[in-house]
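A quick write-up on the structure given underneath.
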Protein chains: 2
Amino acid sequence: MTFIMKKHYLCSISLNSQNMGRCEQCIIREFSSLKALTREELLTISDTKTHFLVKKGEVIFSEGDNLNGVYCIKEGFCKLTKLNANGKDSIVKLSKRGDLLGQRSIINEETSNLTATALEDMSICFIPKKEMMEYFTENNKFSLLVTKDICNHLKDSDKGIADHTHKTVKQRLASVLLKLEELGGTNPENKALNIQLSREDLANMVGTATESCIRLLSDMKKESLIQLLGKNIILVNKSELKNLSE
Amino acid sequence: MTFIMKKHYLCSISLNSQNMGRCEQCIIREFSSLKALTREELLTISDTKTHFLVKKGEVIFSEGDNLNGVYCIKEGFCKLTKLNANGKDSIVKLSKRGDLLGQRSIINEETSNLTATALEDMSICFIPKKEMMEYFTENNKFSLLVTKDICNHLKDSDKGIADHTHKTVKQRLASVLLKLEELGGTNPENKALNIQLSREDLANMVGTATESCIRLLSDMKKESLIQLLGKNIILVNKSELKNLSE
DNA sequence: GTTTTTTCATGATAAATGTCATATATTTTA
DNA sequence: TAAAATATATGACATTTATCATGAAAAAAC
């Protein structure tokens, strides 16, 4: 287990001066509730937002941090984790391009309940709390979309609890592999999953020991359900994986 | 496993005529986001709401149901469950007096993702979708409270996923027992938990087989962590249960 | 009040999963 | 590029957990 310092404060300063990207021209906002903002609101956000790059493995924010705004993912995947008392991580959720992070903490005026860590090099915009909450209270269309987004997360999480309650490890692994494809898609060339998790991360998402996860991947390979090419995982028999996961 | 018909439609009609309870005088609303409603809004809700009783074991609404409003619990506990593909239930959440049910489905305009079942005789008010959404879009104070409530549920559910990911069954059982006390309190006379779950329900909340749950309860009894008096569970050594659960 | 059904409890056993050890492959660092 | 560190893989084994069987206790139905 390694500890990596947060470097994004430095990055955000050095990069923002170079990055004159205007929110009103940014396509990414179409993927989130930000699409409900008015032209004026977007102009203000353009001036108050900061942009920064995060390297693979770097922490964006940690459990317990006081977030002063929300993070809009322009590019890259990240994991949202919770640390167990016995020192083990649980991956609660994965986020991708277009997703907003930190909404719950801002609305509830609480510290973050999750840690966000980049799974690959990322490009992120930071939108200050002040503007977010201003538009949240004044722009009804925006607040409705934000709330709907949170509602969807809630539905996913409740599904997650149910999945972890009575399914076997193998069922959950199958389910996670399909979820990874759904979320991140596949490489058009070799059909491998675009989201590359370490075996440890995969185990922390499935809820099992790393060795058990590796073993079950090997089993699935022998059963021709998947193919393993180094870090690459290819879902060979998706319908059977689907059957297995249910 | 038994199937129980929903009878509350009948109940609601027969009872509503007798029940002239006015929302503006109801103390229960102080426990939920309904406290943000104006006097005028409350008067309208009084006229449109219906009140009904639900008997222990009866289903209030089921996974997949189209909810036409939200349910405000005036009295009693209920469980919110999700049915697994292999026919096993997971208890995702418990709700009590003052809680609102069905908010997520109404806001997202989706069918319910959970089934609500009474754990004891309950008294419930039903508030139609139309009024809820009207106030949600027009009364900012109300919508903020609703959203905060959903945010709290999300935080709880994410905690739930993490708990299920790497904790042992015994750790989770200890955690559930403490949660039951926190949520429902104890009988002042014998200090037993007010929320009485069957062993099967307890197992479905912990995420284990009923027999394993019973066995672990026996173990905890032998270790003087708890006391078992019929259906009554008394938490004897709470600090040790707390240690165990973490 | 008796019968029937359901819930609770426990033993025996099987199956699933976790842990520790070790080897190899891969990546990172110097 | 070589050395060090980390990630992946697999075997051996311990532990946990699930399943099946059975009986007792409690609750529900008659």
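Convention: sequence-line order gives letters A, B, ...; per-chain numbering from 1. In this text, all values refer to a predicted model and were calculated from it rather than measured experimentally. No hydrogens, no waters, no symmetry mates; every other heavy atom, side chains included, goes into these values.
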(request) Would you mind telling me which residue lines up with the more 5' stretch of DNA chain C, B:H166 or B:R199, judged by nearest nucleotide? (result) B:R199
(request) Using the closest heavy atom to pick a nucleotide of DNA chain C for each, name whichever of A:E211 or A:K231 lands nearer the 5' end. (result) A:E211
Atom pair distance, as rounded to whole Å: [atom1] in [X] and [atom2] in [N]:
| X | N | atom1 | atom2 | value |
| --- | --- | --- | --- | --- |
| B:E200 | D:dA27 | CD | P | 17 Å |
| B:Q171 | D:dT15 | CD | C1' | 14 Å |
| A:D201 | D:dT8 | CG | P | 9 Å |
| B:K55 | D:dA28 | NZ | P | 13 Å |
| A:I214 | D:dG11 | CD1 | P | 13 Å |
| A:L217 | D:dT8 | CG | C1' | 10 Å |
| A:L228 | D:dT8 | CG | C1' | 10 Å |
| B:L173 | D:dT16 | CG | P | 15 Å |

(message) Let's test your reading of the model: under 3.5 Å, does the base of D:dT16 pair with the side chain of B:R172 as donor and acceptor?
(response) no
(message) For a quick check, tell me whether the side chain of A:R215 and the base of C:dG18 share a donor-acceptor pair closer than 3.5 Å.
(response) no
(message) Just verifying a value: how many Å separate B:L114 CG and B:S95 OG, rounded to the nearest 0.5 Å?
(response) 9.5 Å
Could you tell me whether [X] contacts a base, only the sugar-phosphate backbone, or nothing, with contacts defined as non-hydrogen atoms closer than 4.0 Å?
| X | answer |
| --- | --- |
| B:S218 | sugar-phosphate |
| A:S198 | sugar-phosphate |
| A:T208 | sugar-phosphate |

(request) Mark yes or no for whether B:N190, through its side chain, and B:A192, through its backbone, hold a donor-acceptor pair below 3.5 Å. (result) yes
(request) Indicate whether OP1 or OP2 belonging to C:dT19 is found under 4.0 Å from a side-chain N or O atom of A:K88. (result) yes
(message) Does any part of the side chain of B:T117, heavy atoms only, come nearer than 4.5 Å to the side chain of B:I60, both counted from C-beta?
(response) no
(message) Classify the ring geometry of B:F61 against B:Y71: parallel below 30°, tilted from 30° to 60°, perpendicular beyond 60°.
(response) tilted
(request) Check whether the side chains of A:D89 and A:N84 place a donor and an acceptor atom closer than 3.5 Å, and report yes or no. (result) no
